[in-house]
2 protein chains.
Amino acid sequence: MKDVAKYAGVSIATVSKYLNGGNVLDKNKELIDEAVVKLDYQVNVMARGLKTNETMTVGIIIPSLTNLFFTTIVSKVENLLLQKGYSTIICDYREDEKLEKEKLNFLLSKNVDGIIMVPSCSEDNELINKVNKDLPVVLIDRNIEGVNCDVVLTDNINGSYDAVEQLIHRGHRRIGIICGPEEHYTAVERLTGYDRVHEDYNIARDKDLIRFGDYQIESGHQEIINLMKLAEPPTAIFVTNYEMTLGSIMGINELDIKMPDELSLIGYDNLQLAKIIKPSLSIVTQPMDEIGETAARLMLKRLKKDMSKHPAVYRLKSRIIIKDSVRKLNEG
Amino acid sequence: MKDVAKYAGVSIATVSKYLNGGNVLDKNKELIDEAVVKLDYQVNVMARGLKTNETMTVGIIIPSLTNLFFTTIVSKVENLLLQKGYSTIICDYREDEKLEKEKLNFLLSKNVDGIIMVPSCSEDNELINKVNKDLPVVLIDRNIEGVNCDVVLTDNINGSYDAVEQLIHRGHRRIGIICGPEEHYTAVERLTGYDRVHEDYNIARDKDLIRFGDYQIESGHQEIINLMKLAEPPTAIFVTNYEMTLGSIMGINELDIKMPDELSLIGYDNLQLAKIIKPSLSIVTQPMDEIGETAARLMLKRLKKDMSKHPAVYRLKSRIIIKDSVRKLNEG
DNA sequence: TTGTATGCGTTATCAA
DNA sequence: TTGATAACGCATACAA
């Protein structure tokens, strides 16, 4: 900037003011513009940060960088924040709660301006609340009891409810579900939807039909085999995330089960996959781009010190798409 | 730090020196340690950076955040660099070359200390070389003609050669291959391996058996169908990345082709997938963790101004795993 | 070994 | 509108 000032024949203060949107004589504007181009001037983010106490950096913490659901959201967030000049430091904690805390501390030590995170299910609210006092925190996908920061969720309960209801409408009564880990936030919600629709339609639940996986491919594969090997297997199965959906399709192929004749299936999350599978797969899709967009906008708003409606809770709608993998059961 | 100095009753310079590994009287060490804990002191990365001219930040640029191969590598890199105190700013350019340049400039404007990137195949060497003059650049997965920076690659040619050779050893002569985009660095290499082994074994190539996809699920699905609908379909097919392998398995299911009786298949990249598919899938796996580790170590070395053996080229070995999806063809 | 003093590149204040 | 100047928090050269 010193060089620019010298080249343009004005003071440093004038350059700084102009570059930050201040008013300057037209003559000087031109001079400075020219100098900036000529000298290829770039602001020193460190020096600016030292003064403004802002790093223009947002930390993102997710459970895994190899989970398509999270990385799709992160990709959206990253691109939106970058458009506003913000860097994102993306950390994954590999589903390890100890690592989660480490990454959080790391981001804090790097003086990020805000944090967007998908917390582990046992993350404690005190820590989050404490962090949230110093800088904006936006939670994604999972809420934490007693936490008072912004959060962007999907309506897992209704999504699950609607999916199972579609099966019921088509005459299914023995409906299996492959859930995520028993204490997991979204897993609990999705199971709740399944429970409620059974209650509402007065259908007794069979414990054997409710399986808990770990949201990984292999458990989807294993649990669908367990379900289909029951003495009285389900006529339809609802699988509650992408990885397990993938696994269950492998299982169906392995057992040579005809879909939808011998089994109706509704999967989760990946539209692309749904189109490729034959018969075309019915799924519940979460609006990943919208989730990312909402989280990014919310964060940008907070970064501008706009704390209106804090804490904000967004419940985005998931969408259910019924395709050929579901058939109507003949009564009797 | 001023506060720490005051609390400990020493000068700022003493605190700074101690905190940076300098020698200080034991008595003062204790005092400073106590003050640091008491005041929960954290260095101001901006102020430090302003002095040292280092941001302790490495930029990572990849084509896509939704590609498992890249995100696995990135996850490894991120974790290793963090252990040394480095942040990573991860950018994806969504396979868009224009966006790629934007992201590169963005990272430069953020004064990152180094850049690790998977370049688009048409990235120009001049730009990279220019950047590489100012800060260390490590290329991953794809090399660029005429570029003089460090690069970490997989031996695609040999990996492909070995895979196809295994098929030949088992009596296959009509071997299909589903490649990536025609100009793509790794796609060209993997096709070269296919070509060479055909030459070495004196097997004529049939153009119809060589298909070009785009490394996405759908093209794997489409091309395997094209291959199997040939008047004289191949007895074995080699699919050259993960997404297309996924797609081709969908296609096999759709066409109800019995594997390996009617078709032998070798896929790519995902060990987990290979274990789940029935019959168990033969694959070529790239050492993703090793790639990430090598790139991270190389970057750390360059960041320490150790420029020995520059530019370094690493060619990591891929591994071929033959499982039940490949069968021995009866001669005659 | 310790402390004083300087400067890193900005932004912001205030006088001109 | 402009410019001189202080301050941000730290690292370091140099003097003590």
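Side-chain atoms are counted along with the backbone in the values below, which use heavy atoms only and exclude waters and symmetry mates. Each chain gets a letter, A, B and so on, in the order its sequence line appears, and its residues count up from 1.
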### Message
Among residues at least two apart in sequence or on other chains, which ones pass side chain to side chain donor-acceptor pair (under 3.5 Å) with T66(B)?
### Response
S64(B)
### Task
Take the protein atom CE of M46(B) and the nucleotide atom C1' of dA7(D), then report the distance between them rounded to whole Å.
16 Å
#### Entry: Euclidean distance, atom NZ of residue K6(A) to atom P of dG3(D) [Å, nearest integer]
15 Å
### Task
Take atom CG of N23(B) and atom P of dG3(C), then tell me their distance rounded to the nearest Å.
15 Å
### Query
Got a sec, which residues hit side chain to side chain donor-acceptor pair (under 3.5 Å) with N148(B), two or more places apart in sequence or on another chain?
none
### Query
Rounded to the Å, how far apart are N53(A) CG and dT11(C) C1'?
12 Å
#### Entry: Results of side chain to side chain donor-acceptor pair (under 3.5 Å) for D113(B) - residues two or more places apart only
T55(B)
### Set of residues satisfying salt bridge (Lys or Arg N to Asp or Glu O under 4.0 Å) with respect to D96(A), sequence neighbours excluded
none
### Task
Would you mind checking if K101(B) and E97(B) are paired as a salt bridge, meaning a charged N to carboxylate O distance below 4.0 Å?
no
### Query
When the distance from CD of E54(A) to C1' of dT11(C) is rounded to whole Å, what number comes out?
12 Å
### Task
Quick one: label L50(A) by what it contacts on the DNA or RNA (base, sugar-phosphate, nothing), any heavy atom closer than 4.0 Å.
base
### Message
Going by the rule side chain to side chain donor-acceptor pair (under 3.5 Å), which residues pair with D150(A) if we only count those two or more places apart in sequence or in a different chain?
### Response
R302(A)
### Message
Between P on dT11(C) and OH on Y18(A), what's the gap in Å once rounded to a whole number?
### Response
14 Å
#### Entry: Annotated protein contacts, base or backbone, on nucleotides 10-16 of chain D with a non-hydrogen cut-off under 4.0 Å, one of B, S, - each
BBB----
